[in-house]
Amino acid sequence: GAGVSQTPSNKVTEKGKYVELRCDPISGHTALYWYRQSLGQGPEFLIYFQGTGAADDSGLPNDRFFAVRPEGSVSTLKIQRTERGDSAVYLCASSFRTGSSSGANVLTFGAGSRLTVL
Amino acid sequence: DAKTTQPNSMESNEEEPVHLPCNHSTISGTDYIHWYRQLPSQGPEYVIHGLTSNVNNRMASLAIAEDRKSSTLILHRATLRDAAVYYCILRDRSGYSTLTFGKGTMLLVSP
């Protein structure tokens with residue numbers, strides 16, 4: 001597609017439930033990023049992939065959060081045993097490859113998935 | 001990534017120029033200066049980036065101080081659609097680091 005697609009756009013769940021959020025990046029972009037944004041704050045980095053592998057997962061808050069990108073394209077962010085504090089907008093972005101003087105590479109963001117945990 | 005400092009908010013009138021400042025006194029020689037903006041209920045979008053020289057594109061201009069310790073994003077004629085949060089971000093030239101967002105500057109544009 002022309003842009004980064006995220007589904008669902010809105011998800012309401014109950015505390016303790018399992019949630020999956022999907023990201024479909026721009027075709028040809030090998031780098032994929034997940035961020036989380038709480039109200040009034042800037043996006044907070046969670047994890048990024050170069051191809052199929054997680055190159056940096058230092059932003060994942062705890063082991064309830066996990067992300068996969070099995071074929072190097074679509075990625076799924078998985079949250080187990082959701083808590084009310086997980087409520088936020090989850091943003092996905094993609095770009096051309098990271099590394100090798102790619103600091104000028106531009107990230108393209110999706111519109112986000114708004115997660116509400118009751 | 002080195003830290004940036006931006007005003008919390010700024011106001012402008014429609015069709016007037018807007019200068020959004022960013023201080024980055026601890027910038028390293030290999031850091032790019034990136035600007036992104038986020039419109040209400042949307043993900044951030046790229047605006048412009050530069051390394052040492054001033055840059056222009058269809059959206060904005062980026063003026064970089066000679067010592068690179070500050071920069072200014074210039075919107076030549078603000079429109080209502082430019083009302084957004086603007087983020088100034090440093091990113092190492094290697095590209096191995098991700099974008100680290102601060103709180104940005106909320107730009108309010110009045111008709």
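Below, read A as the first sequence line, B as the second, and so on, with proteins coming before strands; counting in each chain starts at 1.
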Above 12 or not: heavy atoms from other molecules or residues under 6.0 Å from [atom1] of [X]?
X	atom1	value
A:Tyr18	OH	yes
A:Asn62	CG	yes
A:Arg64	CZ	yes
A:Leu118	CG	yes
B:Met10	CE	yes

Most heavy-atom pairs under 4.5 angstrom with chain B, which of [options]?
options	result
A:Ala93, A:Gly40, A:Pro43	A:Pro43
A:Thr108, A:Val4, A:Leu107	A:Leu107
A:Gly42, A:Gly112, A:Cys92, A:Ala111	A:Gly42

Could you state whether B:Leu80 and B:Ile74 fall into the same hydrophobic cluster, counting links through intermediate Ile, Leu, Val, Met, Phe, Trp or Tyr residues with side-chain heavy atoms under 4.5 angstrom apart?
->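 B:Leu80 does not cluster with B:Ile74.
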Hydrophobic cluster identity match, B:Leu108 and B:Val85, side-chain contacts under 4.5 Å =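 B:Leu108 and B:Val85: one cluster.
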Does any N or O in the side chain of B:Tyr46 come within less than 3.5 Å of the main-chain N or O of A:Phe109, such that one atom is a donor and the other an acceptor?
-> no
Please report the interatomic distance [atom1]([X]) to [atom2]([Y]), rounded to the nearest 0.5 Å.
X	Y	atom1	atom2	value
A:Gln37	B:Phe101	CD	CZ	8.5 Å
A:Phe45	B:Thr98	CZ	OG1	4.5 Å
A:Tyr33	B:Leu99	OH	CG	7.0 Å

Least distance between heavy atoms, A:Leu91 atom then B:Pro44 atom |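 Between these two residues, the closest heavy atoms are CD1-CD, 3.9 Å.
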Which heavy-atom pair separates A:Asn105 from B:His34 by the least distance, and what is that distance?
->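 A:Asn105 and B:His34 have their closest heavy atoms at O-CE1, 3.9 Å.
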